Asks: 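Have a look at this one before I ask anything.
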Amino acid sequence: ITNQQLVESKCELLFTRSQTKINGDLLRNSNVKLVATATSGTDHADLDYLSSSGINFRDAKGSNANSVAEYAVYSILKWAYDNQKDINELNVGIIGYGCIGRLLVSYCFAVGMNVFVNDPPLFDRDFNFPDYATYTDLTNLIKNCDVISNHVPLCTIGNYPTYYLLNENNLKYVREGALIIHASRGSVIQESALIDLHEKKSIFTVIDVWENEPEYNDKLATLSMIATPHIAGHSYTGKLNGTKMMLNVFKEIS
């Protein structure tokens, strides 16, 4: 879709998905008063531009959370089965206690894993984490967990930036034989550091998101136990939930 099409059609409500870049180039001089994306991620939207232009913005956060959590659970169970790991002896570290992280924490606990969680923004607000999840700082989580799964948004500013949250300085503490699941946003993990880690230790990786999407890191994909093209949340249920949320937005605005 182009700016010209929006202007000429006098479009007021724009519903989209993640492949459409929502910014001034698309919306300038149009009549659009609301943009809604049927996705949980908002990396494709210039939120500062929308706010300064008085354009309302809505997303479908949480719509595919269960799909991503199930992707992570499958990865853990496959790794445990292939490597003859006892589920009840595993320490699982989950970075980010949002829509996905909360589901994953509950699922891992339900099947008998020891669960650790890290989420500084919530911790600093004195959030009450569940009794069955042990809160710990990021470095200790990396050092002490057999499985590390990150579920944080990509953020480069503010008090809690997540760009290269997992990098050469802390990935060096990953345990021998550990599993790292990367299904949040590409640049949350420094891919070059992850490749170096593969070359130094016997680790396992499951990668669903990439730094330069839609391009992907061929070397990291080859090294990984599972490599997928950002499809962890692309389930029928996830898309149905996102669509229903958009319908509710349309109903509310209308």
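Keep in mind the model is a prediction, meaning the values are calculated, not measured.
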Asks: Is a side-chain N or O of Asn212 found less than 3.5 angstrom from the main chain of Glu215, in a donor-acceptor match?
Replies: no

Asks: Within a radius of less than 6.0 Å around OH of Tyr216, do more than 12 heavy atoms belonging to other residues, nucleotides or ligands occur?
Replies: no

Asks: According to the salt bridge (charged side-chain N to carboxylate O under 4.0 Å, His left out) rule, which pairs have a member within residues 167-179, sequence neighbours left out?
Replies: Asp146-Arg175

Asks: Check whether any side-chain heavy atom of Glu252 sits under 4.5 Å from a side-chain heavy atom of Arg58, and report yes or no.
Replies: yes

Asks: Just wondering, more than 12 heavy atoms not from Glu199 lying within 6.0 Å of its CD?
Replies: yes

Asks: Might you confirm whether atom OH of Tyr74 has over 12 heavy atoms from other residues, nucleotides or ligands at distances under 6.0 Å?
Replies: no

Asks: Within the side chain of Asn144, is there an N or O that forms a donor-acceptor pair under 3.5 Å with the backbone of Asn140?
Replies: yes

Asks: Between the main-chain N or O of Gly96 and the side-chain N or O of Asp119, is there a donor-acceptor pair closer than 3.5 Å?
Replies: no

Asks: How does the hydrophobic cluster around Tyr236 look, that is, which other residues are in it when side-chain heavy atoms under 4.5 Å mark a link?
Replies: Leu240

Asks: Salt-bridged, Lys219 to Glu191, with N to O below 4.0 Å?
Replies: no

Asks: With ILVMFWY side chains joined below 4.5 Å, transitively, what does Val32's cluster contain besides itself?
Replies: Ile1, Leu6, Leu14, Ile22, Leu26, Leu27, Val35, Leu47, Tyr49, Leu50, Ile55, Phe57

Asks: Going from CD on Glu211 to OG on Ser187, what distance comes out if it is rounded to the nearest 0.5 angstrom?
Replies: 4.5 Å

Asks: What ring-ring contact (aromatic ring centres under 6.0 Å, His included) pairs are there with at least one residue in residues 158-199, not counting sequence neighbours?
Replies: none

Asks: Check for a donor-acceptor pair, side chain of Asp59 on one end and backbone N or O of Thr37 on the other, with a separation under 3.5 Å.
Replies: no

Asks: With distance as the sole criterion, is a donor-acceptor pair present between the side chains of His230 and Glu213 under 3.5 Å?
Replies: yes

Asks: Is the shortest distance from a Lys or Arg side-chain nitrogen in Asp25 or Lys21 to a carboxylate oxygen in the other one below 4.0 Å?
Replies: no

Asks: Answer yes or no: does atom NZ of Lys33 have more than 12 heavy-atom neighbours from other residues, nucleotides or ligands under 6.0 Å?
Replies: no

Asks: Which residue pairs pass the side-chain hydrogen bond (donor to acceptor under 3.5 Å, both in side chains) test when at least one of the two sits in residues 92-110, sequence neighbours left out?
Replies: Asn66-Tyr107

Asks: In chain order, what residues pass the side-chain contact (heavy atoms from CB on, under 4.5 Å) check against Glu8, with sequence neighbours excluded?
Replies: Gln4

Asks: Can you find a heavy atom in the side chain of Asp124 that is under 4.5 Å from one in the side chain of Asn159?
Replies: no

Asks: Could you walk me through whether Val92 and Phe116 satisfy the side-chain contact (heavy atoms from CB on, under 4.5 Å) test, starting with their C-alpha distance in whole Å, then the side-chain angles of each, then the deciding distance to 0.1 Å, before giving a yes or no?
Replies: CA-CA 6 Å; Val92 178; Phe116 295 82; over 6 Å; no

